[in-house]
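For reference, the structure discussed in these notes is given below.
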Amino acid sequence: MTDSSSKSNRFYLTTPIYYVNARPHLGHAYSTIVCDAIARRKRALGIETWFLTGTDEHGQKIERSAKAAGCTPQEFATKVAGEFRGLWDRLGLTYDDFIRTTEERHKRGVQKLFATLRDKGYIYKGSYTGQYCVSDEAYVDGPPGTPCPDCGRITETVSEENYFFKLSAFERKLLEFYEANPGFMGPESTRREVISFVRGGLKDLSVSRTGFSWGIPVPDDEKHVVYVWLDALANYITALGYGSDDPKDIARFEKFWPADIHLIGKEISRFHCVYWPAFLMAAGIATPRSVRANGWLLFDQGKMSKSRGNIVRAETVDEVLGADALRYFLLREIPFGQDGNFSFDALVQRYNGDLANGYGNLVSRVVNMVHKYFGGVVPVCDVQYLTVGTEKEGAIWNRAEFTISQFGPLFDDLNFSEALKSLWLLVAQTDSYLTAYAPWKKPAERSDAEHAALQARVLATAAEAIRVITALAYPVVPDAAAKVWRQLGLGEIADAAKRGFLKDLAWGGLKAGTKFGEPAPLFPRAEKDAMERMQSLEDENNRTAVEAASDGNGEDGGAAPAVAQRQEAVAAPAKAAEPKAPAVPAKPPAPVAAKVQTAPAVPAAPAAGSAAASAQPAAPQAAAEVTAAAGQALQISIDEFAKVELRVAQILVAERVPKADKLLRLEVDLGYEKRQILAGIAQHYEPEKLIGRKIVIVANLAPRKMRGLESNGMLLAASLEGGAPVLAGFLEEVPLGARLK
């Protein structure tokens, strides 16, 4: 059902729309920078391009987060959406549209899509009673108290009326579609995973909720709101004008749909490769041409996660090294589709090696010598040297032409790393060529005329190589490319891109007599303190985020970055032993137990993890450690203490863990969410006497498994002489979830 028409002179690409549970970080920036680089190249090839990004703003989690932050859901969403858009503008990203799912145009389109699916017989009404993970907006199979299989938080029991989409009717259609369109999804690991998922069996999906109100009302039944993942996916068509009666919107939709690329994080592949095409097939709308999943961005080999404290903001790199350094590193260092490691050390090494000492130094040498020896004008030299020339000039010309032919296909196949590797071979070869001739030196045996001719030939050749390098590098390092283009006397590279200058890129475009612009530094070498400065900025940001959270702008309040994409419920396939739901069941099935797709940075809510009965929070250096030499408690700074998040919780369930004499399994309520915590206090407290008690927990510990159960927090207690713990508590009435400071 893909649109087979060629529409070769237009291109539509999208980022995932980012969930507004927290402000953006490097994981979000990676996906959007990749899209921007693709869009810039397409435009520079003369292809009319539409680049969409935006924010996903509905759902029960946002409703609760806004309440905890003391504002309306709309105010909450507007604040965080503004931070995303502000960062994209700061980084100079060239998106054509920024869609917000709270906009009227989106609401109108979602309601039209829902009504169309219902009118065509693919939506019916049913009901559901079972477990639900609010943090991941996911249905979970199991009895009350079942932890979410992915985030480990305790699920809530919900019982509500729902509308269901007949996904079960599309199992064979989807498999036939994948076979007929092998290029629809990638990388290959994603394709294998998705096909296996569908072959495992598909169940009908809930596409509405009635347990909360923050969402788009179902048409003609406002008791229901459209389930967030159906709402969110529709942005790709509503942003183009789907659902509008305006002729301009209709024309734009007809012009650009279907999308050429949906760029997503790998954790939401099924989301886009199963449910989205099924919705579109059911509605009679063409499916997108391809879905491409990028890997996770790791920080020092660990997945970026707020709970791990290894989040990095794009602003930090921009402030110290500039946006081009970040763009180049992400596209050169990380093979697209694979997980990639980010570290300040690797960033600085790549920056100094490839940009400062490589491209930047080459440009500086050539431009300065043209100014010094030829008054800033491209010298006249025998044309043969720039076409046939001597062996060395011919080698540069051949390498440049080969690079042009190789770079495009690699880049267009999203193989950015190999494309840039190929391009930087031309940088290195041009630099070696320059060094071999050393036009700044005049041997005694060479006459002035001979030396001037050599200088003209070498500098003209090197300058032309720089022109080719800069043109190809423009989508990746646009700010630096713009500076070099002006230094080469070629005007504004943005204007050249609008004219499609990459379409006819070939050797020989820099003409003799071209007046160079003034030399200007491109990539000043990063000194040793660059890493320290970036780390200091991140530490300051984390400290500020903790303070903001303590002022009521908490975990879900946008104070600190969290997930790279929405972690909405993604329904899991039926197990092989389970019967499939019929296309039109006599009794509507329950929503499928969702296998939540974790994002490049893990759960947004404060996932914590170690069970203990101790008065000492787990700061980077435990406050209880004793300095052996002095026999005194180790002191910590206020910044270290600020990293420990202490919150008020109430015990709802307390029970002994089988075959564990010391462990109790507790379910606690933080006001904004419920959690499971394991605590080693079974020998000192009777479980039934703990129910209803308010306690203090460390809320931002990494999860930990014990006895096959995951613990998401740590109780705060005082250890009396003899080792007996006494739980910390309150004399006054304190609201659940309150931050201790």
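Glu103 places a side-chain N or O within 3.5 Å of a backbone atom of Arg100 that can act as its donor or acceptor partner. With Gln676 contributing its side chain and Glu667 its backbone, the two residues share no donor-acceptor pair below 3.5 Å.
The distance from atom SG of Cys35 to atom CG of Leu93, rounded to the nearest 0.5 Å, is 10.0 Å. How far CG of Leu52 is from CD1 of Ile17: 8.5 Å, rounded to the nearest 0.5 Å. Once rounded to the nearest 0.5 Å, the distance linking OG1 of Thr116 with NZ of Lys120 reads 7.0 Å. Distance check: Arg292 CZ to Leu263 CG gives 10.0 Å after rounding to the nearest 0.5 Å. To the nearest 0.5 angstrom, Ile216 atom CD1 is 6.5 Å from Thr101 atom OG1.
Residues passing the side-chain hydrogen bond (donor to acceptor under 3.5 Å, both in side chains) test with His262 are Thr14, Trp276, sequence neighbours excluded. For Thr157, the side-chain hydrogen bond (donor to acceptor under 3.5 Å, both in side chains) criterion is met by Gln131, not counting sequence neighbours. Partners of Thr210 by side chain to side chain contact (heavy atoms under 4.5 Å, CB included), not counting sequence neighbours, listed by chain and number: Glu160, Lys223, His224. Remark: Asp339 pairs with Lys266 by the side-chain hydrogen bond (donor to acceptor under 3.5 Å, both in side chains) rule, at least two apart or across chains.
For the ring pair (Phe, Tyr, Trp, His ring centres under 6.0 Å) criterion with Phe170, the lone passing option out of Tyr178, Phe165, Phe177, Tyr275 is Phe165.
Tyr95 and Trp50 have their aromatic ring centers separated by at least 6.0 angstrom. Residues Phe114 and Tyr163 bring their aromatic ring centres within 6.0 Å.
No donor-acceptor contact under 3.5 angstrom links the side chains of Glu193 and Ser269, judged on distance only.
Lys107 and Asp231 are not joined by a salt bridge, as no carboxylate oxygen comes within less than 4.0 angstrom of a charged side-chain nitrogen. No salt bridge links Lys79 with Glu75; every basic N to acidic carboxylate O contact stays at or beyond 4.0 Å.
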task = Evaluate the side-chain contact (heavy atoms from CB on, under 4.5 Å) criterion for residues Val80 and Tyr18: first the C-alpha distance (whole Å), next the side-chain angles of each, then the deciding distance (0.1 Å), finally the verdict.
result = CA-CA 10 Å; Val80 183; Tyr18 304 109; over 6 Å; no
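Contact between Thr146 and Thr155 at its shortest, heavy atoms only, is O-OG1, 2.6 Å. Here the shortest heavy-atom pairing between Ser290 and Gly183 reads CB-O, 3.8 Å.
In this structure, Leu233 and Phe279 have side chains that are in contact, with non-hydrogen atoms separated by less than 4.5 Å.
Pairs of residues two or more places apart, or lying in two chains, that qualify as salt bridge (charged side-chain N to carboxylate O under 4.0 Å, His left out) and include a residue from residues 45-54 are Glu48-Lys255. Residue pairs meeting the salt bridge (charged side-chain N to carboxylate O under 4.0 Å, His left out) criterion with at least one partner in residues 24-45, sequence neighbours excluded, are Asp36-Arg40, Asp36-Arg327, Arg41-Asp412, Arg43-Asp96.
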